[in-house]
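Have a look at the structure below before the remarks.
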Amino acid sequence: MARPSLDEKHTMPDLHTYTPIVDAFKTQPGTRLTLKGWVRTRRDSKVGLSFIQLSDGSCFDAIQIVAPADLPNYTDVVLSLTTGCAIAATGTLAQSQGKGQDVELQAESIELIGGIENPDTYPVPQKRHTFEYLREVAHLRPRTNTFGAVARVRHCLSYHIHRFLHERGFYYVHTPIITASDAEGAGEMFRVSTLDLVNLPHTEEGGVDFSDDFFGREAFLTVSGQLSVETYCCALSKVYTFGPTFRAENSNTSRHLSEFWMIEPEIAFCDLAGSIELAEAMLKDLFRTVLDERADDMAFFNLRIDKTVIETLQHIIDSPFVRITYTDAVEELRKAKKKWEFEPRWGADLHSEHERYLTEVVHKTPVVVTDYPKGIKAFYMRLNDDEKTVAAMDILVPKIGEIVGGSQREERLDVLDRRITEMRLPIEAYWWYRDLRRYGTVPHAGYGLGFGRLVQFTTGMANIRDVIPFPRTPRNAEF
RNA sequence: UCCCCUGUAGCUCAAUUGGCAGAGCGAGCGGCUGUUAACCGCUAGGUUGUUGGUUCGAGUCCAACCGGGGGAGCCA
C-alpha cells in the first residue's frame, strides 16, 4: 500500500497536524514531532521519568514516549494517565537509552485530549482477554493488539483484491443489496418490507398483500450478487462484485455469519479451468502481499494466534493447488483407512470431515474439487457431457474448509431451462437471466470468495466473528 | 435446528460426600526501578445467569427458561 511519504504530506489536505506512529518509526532521530493516539500503558521511574506506550493504530507497534518529571503538568496529568487515555505528545525523536525499542519520543509537552472516566470500569485494560469477552465490547476491541492487527490485514486484503482484479482488466460492479427475486438459490433470505407487521394488508385469498409493500412486491436482502453480475459480465467481459451478502440461516459455527462480504469475479469466454486459475493466482498474490506489507501484524499472529500461519501461507504460495474431481475424491475417501461418521458416497455432498481429511491429511495444501453431481449443486452450473455432473468447483483449505465456491455457468438456454424445471424453480422469475442465453450467449465462469474466511485463514483467527468489526449472527446484532 | 460442554468479583477460574465465598489478573493507594507481560506490600470489589423445586441447610442436587463455547447441518 502506498502510504503517503513524509515528502508528499504537504500535497495532502492538512489532516495531519501530527505524525502517524508508522511514520515516526521511519524518521531520523533528532526530528521534532507531534504524536497523537491512545495510551497503552504508563510506567513511572523514580529517576524522574514516566514511560508511556502510545498506539495510534497506524502500525502494530506502539511507540515509547519518555515524559520527564519537570513537565509543568507532570503531576496532575502525566501521573494520572491510564490505559485508553487519548493524548498528544510533542518532542524530539531520539535513539532509545533503554532496551526493547530503537527510538522513543523525548516529550517536551503532553496534552490530555480525552481522559478515562473511571479506570476501574474501562472494559479493555491492559491484560489478557478472551475473544468471547471482547465480542461483548466490540466497540473497544479495536484498541487491542489482535483486533488492530486484524483490521489492518483485512484492509490490506480488501485493497489488494481490487488491485489484483483491476490489473487484470476487471471492472468492479455494484450489484444490488435489495433484490425482488427470492430465486437466487443460496439460502434463506431476510425480508425487506415497510408493511406494518401488526396490521398486515391481506389479499382476498387471505395471504399477505405485497402489492401494498414498498416495492409493490416481495423484496429481500441479496444472498449473492452472482446472477446480477452475470449481466455485466455478458457486456464488459471481466467483472466482479465485492459487497455484503445476507443469509437468514440459523447457523451457529465459527465460519458463518448472517451478514458477510464476498468477492464474486465473473469472466466471459472462460471455462471452469480458467476460473480456477484465476482463483489460485489471486489467493497466492494476496498471501504474498500480506506477508510483505503486513509483516508486523503477521509476526504477531504467528507468535500469539497460530504458530503455523506464516509457514502455511508460504507453503501455499510455493506449491500448486491440488486439483481432483469429485468422483476421484469420493474414491480416495472410500479407500482411506479412517472411520467416518458419514461414509463417503457418490451423489452425497462431502462432509466437513471429508473436506478436512483431503486438505489437512492427504494433501496439506488447498484442494480444488471439481465436477460435482448435478443433484447437489445449483441450477445455473453447466451440465457436463456425462449428463451426471456439473462444471462446479470448491476450493478447500485446512481448518476452514470451503473458501471458494464457483462454476462454469450454463450458457445453453435449452439445458438451463431443463435444469430449472427439474429443480422445480419458478421459471418466470428468471426471465432476464434467461435473456442472457437468448441474446449473444457466451461460455462464462466465476466464483465466490468468502472474504471473512479469507481473513480468517490469513490471520489464523479461529472464529469468523473475530475478523469482522461487528459480527451479525442469530440473536446477535448489538452495536 | 440437532448433539455435547458451560454460566461464581470488572476479566480468567477455584470451592472435597450438600455445611462460614477464594485465588490470579485488572483497578486504587504506597514502595522500588531507564522502565517495557515489571517487581514488593496494602485496599476495595459478590443477590453464585433467571424462576421454581428437594433439603435443617444449595455455588453444589432436580426442572424450565435465558446467555456463552465446541461439534454437525446450511454455505462463502
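Being a predicted model, the structure only gives us computed values, none of them experimental. Quick note on labels: first sequence line is chain A, next is B, and so on, each numbered from 1.
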Subject >> Pair A:Phe170 and A:Phe164, ring centroids less than 6.0 Å apart >> reply: no

Original post:
So, are A:Asp349 and A:Lys377 salt-bridged, with charged N and O less than 4.0 Å apart?
Top reply: no

**OP:** Hey, can you tell me if A:Tyr240 and A:His162 have their rings parallel, tilted or perpendicular (30° and 60° cut-offs)?
**Re:** tilted

**OP:** Round to a whole Å and report the spacing from CD of A:Glu264 to P of B:C75.
**Re:** 15 Å

Subject >> Toward the 5' end of RNA chain B, by each residue's nearest nucleotide, A:Thr41 or A:Arg475 >> reply: A:Thr41

**OP:** Provide the Watson-Crick or G-U wobble partner of B:A72, both distances under 3.5 Å; none if there is no partner.
**Re:** B:U1

Original post:
Any salt bridge between A:Arg135 and A:Asp466, counting N to O under 4.0 Å?
Top reply: yes

Subject >> Test: A:Arg247 and A:Glu188 ion pair at under 4.0 Å >> reply: no

**OP:** Could you let me know what B:U33 is paired to, Watson-Crick or G-U wobble, both distances under 3.5 Å, or none if it's on its own?
**Re:** none

**OP:** Could you check how far CZ of A:Arg255 sits from C1' of B:G70, rounded to whole Å?
**Re:** 11 Å

**OP:** Quick one: label A:Arg135 by what it contacts on the DNA or RNA (base, sugar-phosphate, nothing), any heavy atom closer than 4.0 Å.
**Re:** sugar-phosphate

**OP:** Indicate yes or no: does A:Glu360 engage A:Lys364 in a salt bridge with an N to O separation below 4.0 Å.
**Re:** no

Original post:
Between A:Trp340 and A:Tyr357, what is the ring plane arrangement, given parallel below 30°, perpendicular above 60°, and tilted in between?
Top reply: perpendicular

Original post:
For residues A:Arg409 and A:Ser407, is any side-chain donor paired with an opposing acceptor at under 3.5 Å?
Top reply: yes

**OP:** Assign the ring pair A:His351 / A:His354 to parallel, tilted or perpendicular, where the plane angle (0 to 90°) is split at 30° and 60°.
**Re:** perpendicular

Original post:
With rounding to whole Å, what would you report as the distance between B:U48 and B:A9 at their C1' atoms?
Top reply: 10 Å

Original post:
Touch check for A:Gln456, heavy atoms < 4.0 angstrom, all strands: base, sugar-phosphate only, or nothing?
Top reply: nothing

Original post:
Which part of the nucleic acid does A:Glu341 contact within heavy-atom distance under 4.0 Å: base, sugar-phosphate only, or nothing?
Top reply: nothing

Subject >> Donor + acceptor pair across side chains of A:Asn145, A:Arg40 (<3.5 Å) >> reply: yes

Subject >> Spacing of A:Trp261 atom CH2 relative to B:C75 atom C1', expressed in whole Å >> reply: 19 Å

Subject >> Whole-Å gap separating P (B:G69) and CG (A:Asn476) >> reply: 9 Å

**OP:** Both distances under 3.5 Å, Watson-Crick or G-U wobble: report the partner of B:C61, or none.
**Re:** B:G53

Subject >> Any N/O donor-acceptor pair, A:Arg43 side-chain to B:C39 base, under 3.5 Å >> reply: no

Subject >> Selection: residues 344-367 of chain A, any non-hydrogen atom under 4.0 Å of RNA chain B >> reply: A:His351, A:Ser352

**OP:** Measure distances between side-chain N and O atoms of A:Ser251 and base N and O atoms of B:C75, and say whether any donor-acceptor pair falls under 3.5 Å.
**Re:** no

Original post:
So which one's nearest nucleotide on RNA chain B is more toward 5', A:Gln53 or A:Arg247?
Top reply: A:Gln53

Original post:
Hey, are A:Thr245 and A:Trp261 close enough side-chain-wise for a donor-acceptor pair under 3.5 Å?
Top reply: no

Subject >> d(CG, A:Asn250; P, B:C75) in whole Å >> reply: 15 Å

Original post:
Just checking A:Arg465: base, sugar-phosphate only, or nothing, at a heavy-atom cut-off of under 4.0 Å?
Top reply: sugar-phosphate

**OP:** Classify every nucleotide of nucleotides 41-48 of chain B by which part a protein heavy atom approaches to under 4.0 Å, writing B for the base, S for the sugar-phosphate alone and - for neither, in 5'-to-3' order.
**Re:** --------

**OP:** Return the nucleotide paired to B:C42: Watson-Crick means purine N1 to pyrimidine N3 with N6-O4 or O6-N4, wobble means G-U with N1-O2 and O6-N3, both under 3.5 Å.
**Re:** B:G28

**OP:** Mind checking A:Ile403 for me? I need base, sugar-phosphate or nothing, with any heavy atom below 4.0 Å counting as a touch.
**Re:** sugar-phosphate

**OP:** Would you mind reading off the distance between A:Arg453 atom CZ and B:C74 atom P, rounded to a whole angstrom?
**Re:** 12 Å

**OP:** In plain terms, say whether A:Asp296 and A:Arg294 are close enough for a salt bridge, that is, a side-chain N and a carboxylate O under 4.0 Å apart.
**Re:** yes

Original post:
What is the nucleic acid contact for A:Gln106, judged by heavy atoms within less than 4.0 Å: base, sugar-phosphate only, or nothing?
Top reply: base

Original post:
For the pair made of NE2 in A:His256 and P in B:C74, what is the distance, rounded to whole Å?
Top reply: 9 Å

**OP:** Look at all strands and tell whether A:Ile400 reaches a base, only sugar-phosphate, or nothing, counting heavy atoms closer than 4.0 Å.
**Re:** nothing

Original post:
Ring centres of A:His166 and A:Tyr172 under 6.0 Å apart?
Top reply: no

**OP:** Take atom C1' in B:U8 and the same atom in B:A21, then report the distance between them in whole Å.
**Re:** 9 Å

Subject >> Donor/acceptor link under 3.5 angstrom from A:Glu249 side chain onto base of B:U1 >> reply: no

Subject >> Sugar-phosphate only, base, or nothing, as touched by A:Thr253 at under 4.0 Å among non-hydrogen atoms >> reply: base

Subject >> Sidechain N-carboxylate O distance under 4.0 Å for A:Arg356, A:Glu353 >> reply: no

Original post:
Within the structure shown, what part of the strands sits under 4.0 Å from A:Asn463 by heavy-atom distance: base, sugar-phosphate, or nothing?
Top reply: sugar-phosphate

If you restrict it to nitrogen or oxygen atoms, what contacts under 3.5 Å exist between nucleotides 11-13 of chain B and the protein, and what is each distance?
residue : atom : partner  : partner atom : Å
B:C11   : O2'  : A:Lys127 : NZ           : 3.3
B:C11   : O2   : A:Lys127 : NZ           : 3.1
B:U12   : OP1  : A:Thr130 : OG1          : 3.3

Subject >> Nucleotide opposite B:G67 in a Watson-Crick or G-U pair, distances under 3.5 Å >> reply: B:U6

Original post:
Can you find a donor-acceptor N/O pair under 3.5 angstrom joining the side chain of A:Asp44 to the base of B:U35?
Top reply: no

**OP:** Give the rounded distance in Å between these two atoms: CG of A:Asp394 and C1' of B:C75.
**Re:** 9 Å

Original post:
Between A:Phe451 and B:A76, do the rings stack, that is, sit under 5.5 Å apart with planes less than 30° off each other?
Top reply: no

